[in-house]
Each structure stands twice: as C-alpha cells, then as structure tokens.
Visitor: 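Have a look at the structure that comes next, please.
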2 protein chains.
Amino acid sequence: MSEDAVRRPTIVEVARLAQVSHQTVSRYLRHNGGLKPETVRRVEAAIEELGYRPNLVARSMRTRRTGRLAVLLPANVAALPTRLLGAAATAAHEAGFLMEIVTVEGGPQERTDRARDLITSGQVEGVLSLSSLPGLSDRPSTPSSAACVVVGEYDEELRGIGELADGSMVGEIIEHLAGLGHRDFLHVAGPETWASARARRAVYLEVVDRLGLTSHGVVDGDWSARAGYDAIHALPATSPVTAVIAANDPTATGVVRAALERGWGVPEHLSVVGWDDAELVQYATPSLSSVAVDREGQGTDAMRRLIALVRGEEPPAPVARPLNRLMLRESTGPAQPGGVKPPGAAGGT
Amino acid sequence: MSEDAVRRPTIVEVARLAQVSHQTVSRYLRHNGGLKPETVRRVEAAIEELGYRPNLVARSMRTRRTGRLAVLLPANVAALPTRLLGAAATAAHEAGFLMEIVTVEGGPQERTDRARDLITSGQVEGVLSLSSLPGLSDRPSTPSSAACVVVGEYDEELRGIGELADGSMVGEIIEHLAGLGHRDFLHVAGPETWASARARRAVYLEVVDRLGLTSHGVVDGDWSARAGYDAIHALPATSPVTAVIAANDPTATGVVRAALERGWGVPEHLSVVGWDDAELVQYATPSLSSVAVDREGQGTDAMRRLIALVRGEEPPAPVARPLNRLMLRESTGPAQPGGVKPPGAAGGT
DNA sequence: GTGCAGATAGTGAACGTTCACTTTTCGACC
DNA sequence: GGTCGAAAAGTGAACGTTCACTATCTGCAC
C-alpha cells in the first residue's frame with residue numbers, strides 16, 4: 001500500500017532461497033547444463049516461489065548483446081509494408097532475435113539522426129532501414145557499433161540485382177503494353193527518397209526511350225491514391241496517353257477512378273498497372289493489373305543480410321527466386337486503334 | 001585490423017580526457033545544469049574527440065527506466081493499423097518515450113506469453129496491446145512490473161463509451177439503411193479475438209432485433225477481402241439480403257466484387273458499408289460507404305492512458321471527440337422496392 | 001581575515017547480471 | 001586409503017551508468 005514500489009526479486013535472492021550461489025542460478029537460467037537434478041529442482045522451486053524473472057536489461061549490459069534488431073521507417077508512410085515486415089520478423093525470430101519497428105517523424109535528416117542514435121546507443125544490435133539514410137555512410141566506422149542495412153540501397157549497390165528486382169519489371173510491363181499496341185505512356189512515381197521509386201523511374205525512362213515509345217511525363221507522387229487521381233485529372237482532354245504505370249496500387253486506384261470520371265474506359269481507353277498486388281485491388285472493379293512483389297522474400301533477404309552483418313559472417317547471397325510477377329487483370333488491355341478518347345464527361349460539361 | 005572489437009569509450013574515459021570526474025560528465029549528459037561554461041566546454045570537446053555516445057543500456061539498468069513502450073500486435077494481421085500506430089507513436093514521443101512495435105506470431109496464448117515476458121523483463125515500461133490477452137489479467141500484481149493497456153478491452157470495460165465508440169455506429173448505419181427501405185441485413189464480421197469485432201457483432205444483432213429487421217446471418221471473417229467475397233458468393237440466388245455491413249474496407253470490397261459478379265448492382269440491389277474509410281476505397285468504383293474512424297484519436301487516447309499508468313498518474317478521461325462518422329458514398333442507396341435481384345449472371349449459368 | 005551559504009565538483013557504492021577463475025564434491029581406479 | 005580428474009558449485013570482479021553523499025571553491029557580509 002504505502003510501500004508500493006515492490007522491488008522485483010533478483011538472482012541473488014533466488015540463490016539464497018534455493019541455498020545455492022547466484023552463479024548456479026545464472027547457469028540454470030542460461031541452460032548451461034552441468035547441474036544436478038536436485039539442484040535444478042531447488043532453483044526452480046525458488047524461482048517459482050518468488051515469481052522471479054530475469055532482468056534482461058542487466059543481462060544485456062553484461063553480455064553486450066540485446067538480441068534486438070530495429071526496423072526503421074518513416075512515420076508518415078501511408079501504409080506500413082506489412083508483408084515485408086512480417087517476413088523480416090519471422091527471419092529475425094528464427095535467428096533468435098526480437099525485431100521491433102521504430103518509426104521516425106520528420107525528414108531524411110531526422111531519420112538519419114535517429115538511425116545513428118540507435119546504432120550507437122547499444123540498444124539494438126542492428127538496424128534495418130526501409131528508406132535511405134543520407135549521410136550515414138559518411139561515418140562508417142563508429143567503434144563497435146551496431147550493423148546497419150538499408151533495404152533499397154542494397155539493390156542499388158548491386159546494380160545488376162537491383163535492376164532485375166525492381167527495374168526489370170518496368171521493362172516487362174512496358175514491353176507487354178507495347179505488344180498490346182500502346183505507344184504513349186505516363187508514370188506516376190513514388191517519392192524520390194525511396195530507392196525503389198528512384199529505380200523504377202529511371203528504368204521507365206530508359207525503356208520507353210529504348211523501345212522508341214513516348215513518355216508523356218513522370219508525375220511526382222507520394223504513394224497515395226490522391227496522387228494518381230490528380231495526375232489523371234491534370235491531363236489535357238486530348239492527351240494521347242493510353243497506358244499508365246503507377247508507383248503502387250493506391251496510386252493506380254486513383255488513376256482508374258479519375259479516368260472513369262473523365263469518361264475514359266479502363267482498359268478501353270486507358271490501361272493501368274499498379275504495384276504490390278495488394279489483396280484489395282484484386283477485388284476492385286475493374287480488378288487491377290499489378291506487379292506481385294515478393295515482399296516476403298525482400299524482408300527475409302534483408303533481415304538475413306543484417307543478421308549476418310551483426311554476427312560478422314559473410315552476407316548471404318540473396319536467394320535467387322522469381323522476385324516479381326506481372327499479374328494481368330482487367331485494368332490492362334489492347335490500345336484503342338487510334339488512341340481516341342471520348343470528350344471529357346464527368347465533372348466538367 | 002586484428003583487434004577488430006574496438007571498445008566504445010565510456011563516461012570515465014571522457015572524464016579523464018576532460019580532466020573532470022565521471023560524475024561531472026554524467027551531469028552534463030543529463031543536462032542537470034550547475035556546470036561552469038569552461039567545464040562544459042572541456043567535456044564537450046572530450047566527447048567530440050572520443051566520439052562518445054552514452055550507453056543507454058547501462059543507463060537503463062541504473063535508472064530502471066528504459067523510456068520504451070511496446071505495442072503488441074498479432075503478426076498475421078493483414079494490414080497494420082497505420083494511422084492508429086502513427087498517432088500512438090506521436091503521443092509517446094511527446095511524452096519522451098520511444099514506441100516500438102512488436103509482432104507476435106501464433107495465437108492468443110503466445111501473445112499473452114510474450115506480453116507477460118515484455119511486462120516482466122524490464123525491457124519496456126509499458127505495453128499496449130491491440131488485441132485481447134486472455135488470462136493476463138489473472139495475475140495483476142507482478143511486483144513493479146510494466147503497465148499494460150489493451151486497446152479494445154478498455155472500451156469494453158467502460159461499456160457506455162465502448163458502445164458509443166464503435167457499437168453505436170452500427171446502430172447508426174442500420175438506422176440509416178432502414179430509412180432507405182432496407183429490411184434484410186447481413187454482417188460479415190471480423191475475428192472474435194478483436195474486441196472491436198465483438199462489439200460490432202453484438203450491437204448489430206441487438207439493433208437489427210430492436211428495429212424489427214431481419215438478419216440473414218453473421219459470417220465469420222478475418223478482415224480479408226476474400227472473406228467478403230466468399231460470403232456473398234455463398235448466398236442463395238434468392239437471398240433477400242439488400243444491405244451488407246462489412247467488418248472493414250477490404251471485406252466490403254470483396255462483398256462488392258462478388259455482388260457485381262453475380263449480377264447484383266451496387267447499390268441498386270445491394271448496399272454495402274465498410275469500416276475504416278481507407279483512402280483507397282474512396283477511389284474505388286463504386287466508391288465505398290464506410291465508417292470514418294478516428295484511428296488517430298484511438299491511438300492517442302490509448303497511448304496517453306498507458307503513459308499515465310506508467311507514471312502512476314490518474315488515467316486521463318478519453319477525449320470526447322466525434323469518434324466516428326458514417327461516410328456515405330456510392331455503395332449505399334435506397335432498397336429496391338421488391339428487393340428483387342436479377343438471376344445469377346457471372347460465373348454460373 | 002573569518003565565516004558562511006550557495007554553486008560547483010568529486011567519491012564510492014549500487015543497479016542485476018555474467019565472466020573468468022577457484023574451490024569443493026564425488027566416484028573410480030590403483 | 002589415497003590419488004586423480006571430471007563434474008558441480010562457489011567467489012569476486014566487471015559491465016557503464018546514476019545516486020546519495022561529501023568536499024571544495026567562490027563571493028560577500030561582517
């Protein structure tokens with residue numbers, strides 16, 4: 001009542017009650033073996049009686065290991081990459097680590113600062129960042145600090161793989177659409193701070209150019225549906241664009257909505273491709289063509305790489321798996337012969 | 001090179017370099033004041049020179065405060081409640097805490113175990129759980145353990161508020177639809193492990209009964225689009241249902257898709273209401289009527305309550321704000337006079 | 001100069017665990 | 001019965017901070 005701060009029992013008290021030394025209890029806790037059955041029994045009884053639970057902070061301090069890995073991501077992201085995070089968490093657990101997600105408000109600078117804090121504070125053994133951390137690599141060698149892996153950056157370094165992972169899909173999409181007769185493209189991109197958005201944008205421009213097609217612009221988006229919606233409404237009524245590649249599924253959904261509002265049929269007048277293959281958009285009408293990304297694979301690979309780094313092992317080669325697949329649904333189809341669209345309908349006169 | 005485990009500098013080494021005592025450095029770090037400018041200068045220089053960063057684990061051990069709060073949620077959730085988490089994180093930061101998300105694989109039992117671990121291990125000062133933790137309240141008084149708040153449970157305790165927060169919206173929806181002539185309802189619910197799903201289900205049955213309407217079933221769902229899709233396809237062709245209340249927006253999207261596939265117009269033959277008012281479904285066609293939930297408010301309230309508990313203060317009364325709003329869009333409309341639907345079209349013969 | 005109070009700085013212990021040793025126990029074998 | 005060696009258990013220090021005191025320095029009034 002009055003004395004409300006009941007101290008939790010320590011290993012020493014357990015030892016006293018079990019009539020052994022604190023070290024014996026420690027051995028029991030660490031499953032080190034070499035204890036007589038009778039001793040084990042006494043220790044267990046004492047732990048049970050006192051309701052003892054080891055103080056993990058104290059343990060971490062002594063061992064300099066926390067068993068914790070942090071995933072860092074911007075707080076303002078519209079939807080957390082659930083699948084990637086789930087797979088990463090699983091990979092972490094399998095390796096005996098606890099994964100936690102830390103969100104950071106603010107821009108790249110705050111993110112980098114927070115990452116540096118985490119890395120150097122000894123609270124976690126590794127940091128996995130889902131967005132770039134400008135300036136962090138400038139100071140690579142803080143003594144015995146935690147490891148750090150930036151998801152997108154990795155792809156960028158290994159350009160071959162990076163391109164294959166994300167960029168090549170843009171090529172595949174464009175080639176597919178070109179095969180359907182599309183010549184005039186639009187890209188509603190994601191924020192430049194995301195490596196994946198940068199990669200897709202770059203490859204988009206490259207492939208459109210290479211195939212002799214026409215890009216009618218790259219619109220800066222923010223992963224939101226609104227971005228796609230606004231991008232389409234901003235097109236001139238006479239725009240020859242017949243195919244839109246959106247940065248993700250929400251943006252693509254916005255594109256579809258705006259097109260329908262303008263009286264442009266999807267896919268009759270406008271083919272739309274999203275990215276991520278969210279469950280929801282498979283049930284939209286029209287169902288959305290999208291890139292099924294192996295987010296689980298990405299999460300697993302990134303986490304395994306981080307864990308290898310933490311343990312000082314050689315980073316494992318990313319598993320060669322079919323990373324991405326273009327899922328063709330109702331929102332893509334052959335281009336109209338003349339690319340003609342009906343005059344603006346909804347909204348305007 | 002060979003000696004690759006470079007020890008990080010400690011407070012003592014900083015003190016030695018600055019020619020002060022370790023306690024003076026500690027005072028500087030804690031911003032305790034009472035230091036001469038000259039001393040501050042020397043300490044700062046030493047910290048800079050050594051690249052010193054305080055070891056937060058050691059600090060936590062001594063102060064018995066970690067400044068960390070954990071949010072616990074099931075790993076298999078389809079989409080993380082981004083908005084709630086974001087707001088909770090903001091509230092935590094404002095109070096000087098760091099919030100982290102911990103996902104737990106497995107069922108209620110594993111979740112409860114993990115929560116107990118977190119609470120008693122001294123690693124965090126508080127735990128916020130988004131799903132129920134069966135059996136945890138059985139053992140309320142672990143000595144000086146961390147605080148724990150379960151989001152939904154709170155609403156359930158304060159039944160008045162709980163009902164108002166989530167349940168009353170079900171009433172409002174049904175009343176609105178009844179006003180449009182709907183008499184035959186279906187509810188595609190969420191998992192029973194979620195307090196909010198339980199509350200909505202209970203109120204749904206209650207209100208349908210009270211208004212003398214007919215419920216044609218409560219289908220167990222799992223928050224997924226597929227659940228809604230299957231529920232509608234499972235209806236007999238002659239089903240008189242004209243209004244569906246879905247547990248969330250993805251489920252509602254699945255409902256709409258299946259209805260359209262069966263040749264039932266939305267909203268001509270079937271009105272559909274979702275829950276959460278996700279940005280994406282506002283851009284679907286038809287755009288989805290949905291309940292705009294003040295997820296930010298929920299997150300803030302829950303986190304503030306947790307922080308109050310941690311600090312031993314009186315839990316703040318939940319802010320009386322307009323928690324929920326029914327957003328009427330294209331997926332709801334007047335009931336067909338006779339409730340007649342066209343015979344099954346797509347899919348079957 | 002002396003005394004005194006407030007400002008500033010220092011000292012040693014403590015937080016709860018594990019590490020690196022040392023000591024004791026115990027059974028088997030000569 | 002003594003010796004040896006492995007198995008089992010114990011001892012004290014250390015991890016890097018902060019806490020609770022104590023000591024020293026200042027400036028000012030007398």
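Every chain is numbered from 1, with letters handed out A, B, ... down the list of sequences.
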Visitor: Sequence neighbours left out, what pairs pass salt bridge (Lys or Arg N to Asp or Glu O under 4.0 Å) with at least one residue falling in residues 9-18 of chain B?
Guide: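 Residue pairs with at least one partner in residues 9-18 of chain B: B:Arg7-B:Glu13.
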Visitor: Does a side-chain N or O of A:Thr24 approach OP1 or OP2 of D:dA8 to a distance below 4.0 Å, or not?
Guide: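 Answer no for this pair, as no side-chain N or O of A:Thr24 is under 4.0 Å from OP1 or OP2.
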Visitor: Side chain to side chain donor-acceptor pair (under 3.5 Å) with A:Ser21: which residues, sequence neighbours excluded?
Guide: A:Thr24
Visitor: Both A:Pro37 and B:Lys36 contact DNA chain D. Which one's nearest nucleotide lies toward the 5' end?
Guide: A:Pro37
Visitor: Measure from the side-chain N and O atoms of A:Thr63 to the backbone N and O of A:Arg59, and report whether any donor-acceptor pair falls under 3.5 Å.
Guide: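 Between the backbone of A:Arg59 and the side chain of A:Thr63 there is a qualifying donor-acceptor contact (under 3.5 Å).
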Visitor: Starting from C1' on C:dA9, measure out to CZ on B:Arg16 and report it in whole angstrom.
Guide: 18 Å
Visitor: Specify the separation, in whole Å, of atom OH of A:Tyr28 and atom C1' of D:dA8.
Guide: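 Computing the A:Tyr28:OH to D:dA8:C1' distance gives 17 Å.
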Visitor: Could you tell me whether B:Ser60 contacts a base, only the sugar-phosphate backbone, or nothing, with contacts defined as non-hydrogen atoms closer than 4.0 Å?
Guide: nothing
Visitor: Between A:Ser21 and D:dT11, does any side-chain N or O lie under 4.0 Å from OP1 or OP2?
Guide: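 So the side chain of A:Ser21 is outside the cut-off, no N or O lying under 4.0 Å from OP1 or OP2 of D:dT11.
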Visitor: Could you state the atom-to-atom distance from CG of A:Leu35 to C1' of C:dT25 in whole Å?
Guide: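 Atom CG in A:Leu35 sits about 14 Å away from atom C1' in C:dT25.
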Visitor: Categorize B:Val57 for me: base, sugar-phosphate, or nothing, with a 4.0 angstrom heavy-atom threshold over every strand shown.
Guide: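 Since no nucleic acid heavy atom lies under 4.0 Å of B:Val57, the category is nothing.
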Visitor: Can you build the contact string for nucleotides 16-21 of chain D? Use B for base contact, S for sugar-phosphate-only contact, and - for no protein heavy atom under 4.0 Å.
Guide: BBBBB-
Visitor: Between B:Arg68 and B:Glu125, does at least one N-O distance fall below 4.0 Å, as a salt bridge requires?
Guide: no
Visitor: With a 4.0 Å cut-off, would you call B:Glu38 and B:Arg42 a salt bridge?
Guide: yes
Visitor: Are A:Gln109 and A:Asp113 close enough that a side-chain donor and a side-chain acceptor fall under 3.5 Å?
Guide: yes
